[in-house]
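No experiment lies behind these values; they were computed from the predicted model shown. Counting convention: from 1, in listed order, for ligands and their atoms alike.
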Amino acid sequence: MSDLLDYTPAVATATEELRRKMANVIPDIEWAVHAPYIAAINALKREKQAVILAHNYMTPEIFHGVADFVGDSLQLARLAAKTDAQLIIQAGVHFMAETSKVLSPDKTVLIPDMEAGCSLAASITGHDVRQLKQAHPGLPVVTYVNTSAEVKAESDVCCTSSNAVAVVEDIAREWGVDTVIMIPDEFLAQNVAKQTTIKLITWKGHCEVHERFTAEDIRGFRAAQPGVIVIAHPECPPSVVAEADFAGSTSGMIDFVAQKQPRRVVLVTECSMSDNVAVEFPKVEFVRPCNLCPHMKRITLPKILHALETMTVEVLVDPVIAARAKKSVERMLAVVPAKARQAA
Ligand code: 13P
Ligand code: SF4
């Protein structure tokens, strides 16, 4: 990994605009550490004609400092398929990088830390899916994108939190069934079940970040901050979603804040979301009880620079598995159009 880089006058000048933009979430003392990496990454990225795709849970210095495109899982999947760049740096967790590789097998996809996993992806294997299909013959399998390529390969269609209801209803109509297997997020499936008449057979996977929120927490936020608007991610338990004013994917949450511009809001999700959105909406007050995703937080500026410098770690997927997984992802992408967000 590169030695600590210096905050030289040239770096300060090159990054001044970004410093001002993020001043309400990154103090100057921290900026001096981030800025040299931001300058180095942006220079090397241009030289190598790479694009950095960053999930909404990346820290602000990544999200606003070096990302070319930002978004939720669905938006990042679409961007990976669309970009002309031959080199993709995935600032997110492993399943996101795998999805990019599956959609663009001829491109080089790098992840800055191979250990950036996900408790949902770790909850289920391809073998588990085969057993589920044997136990429920004739039913389609809808798989959340937070899974390995091997699990996607065993599935009929993927979904994200922003299109799950539409995907479930679409596949049920196509197969002529009233029941669908929806894996691996039990809470997402339970939240979807409240919005459709299709019956769902679920799996016991949970997001280790969102499962920790409780309905009591939400009531506590409201008691402490009268009038606060509560927005929750659908990976939260249904009892939490029931107490919220709105539930949506990470980009759904950002769109809600953008449209409603609430005076005070709490985003019941991963911690970096509030920082990233606060940069864009400085007049909105963000109440910040949140949970950190230890996997997302493995991605740092020094690791992104190291990935670009060394062209590691490359994400590879067995071509046979990739071709089968691609069908499930493309089937999802055909269901609902979603707009991408270019990093500002
Ligand atoms: P989104 O698709 O809403 O970005 O969710 C991905 C994720 O990992 C949330 O925990
Ligand atoms: Fe996985 Fe939860 Fe982290 Fe998202 S927040 S990557 S679902 S562990």
Cysteines Cys207 and Cys118 with SG distance under 2.5 Å: no
Salt-bridge test for Asp178 and Lys199: reply yes if a basic N is under 4.0 Å from a carboxylate O, no otherwise. yes
Taking only heavy atoms of Tyr57 into account, list the atoms of ligand 2 that are under 4.0 Å away from them. 5 (S)
Nearest non-hydrogen protein atom, atom 9 (C) of ligand 1: Glu235 OE2, 3.2 Å
Return a yes/no value for Ser251: is any of its N or O atoms, backbone included, closer than 3.5 angstrom to an N or O of ligand 1? no
Asp28: salt bridge (Lys or Arg N to Asp or Glu O under 4.0 Å) partners, not counting sequence neighbours: Arg19
Is the ring pair His210/Phe213 parallel, tilted or perpendicular, if the boundaries are 30 and 60 degrees? tilted
Could you list which atoms of ligand 1 come closer than 4.0 Å to a heavy atom of Asp72? 1 (P), 2 (O), 4 (O)
Pair Arg331 + Glu174: basic N to acidic O under 4.0 Å: yes
Would you call Glu169-Arg173 a salt bridge at under 4.0 Å N-O? no
Which one holds for Val145 and ligand 1: side chain close, backbone close, both close, or neither close, with close meaning a heavy atom under 4.0 Å? neither
Contact between Asn146 and ligand 1, counting heavy atoms under 4.0 Å? yes
Return yes or no for this condition: an N or O of Ser161 is under 3.5 Å from an N or O of ligand 1. yes
Applying side-chain contact (heavy atoms from CB on, under 4.5 Å), name anything that partners Val287, two or more places apart in sequence or on another chain. Gln225, Val228, Arg264, Val266, Pro289
Numbered in order shown, the ligand 1 atoms found under 4.0 Å of a heavy atom of Ser249 are 3 (O)
Apply salt bridge (Lys or Arg N to Asp or Glu O under 4.0 Å) to Glu314 and list each qualifying residue two or more places apart in sequence or on a separate chain. none
So is there a nitrogen or oxygen of Ser73 less than 3.5 Å from a nitrogen or oxygen in ligand 1? yes
Are there any protein N/O/S atoms under 2.8 Å from atom 2 (Fe) of ligand 2, and if so, which? Cys207 SG
What protein heavy atom lies closest to atom 5 (O) of ligand 1? Include the residue and the distance to one decimal. His233 NE2, 3.4 Å
Joint hydrophobic cluster, Leu120 plus Val192, side-chain heavy atoms closer than 4.5 Å: yes
For His55, which part has a heavy atom under 4.0 Å from ligand 1: side chain, backbone, both, or neither? side chain
Within ligand 1, which atoms have a heavy atom of Thr250 less than 4.0 Å away? 1 (P), 3 (O), 4 (O)
For ligand 1, is there an atom lying under 4.0 Å from some heavy atom of Glu270? no
Please determine whether a side-chain nitrogen of the Lys or Arg among Lys297 and Glu270 lies less than 4.0 Å from a carboxylate oxygen of the Asp or Glu. yes
Hey, are His64 and Glu280 close enough side-chain-wise for a donor-acceptor pair under 3.5 Å? no
Quick test of your reading of the model: are Arg222 and Glu243 salt-bridged, counting only N-O distances below 4.0 Å? no
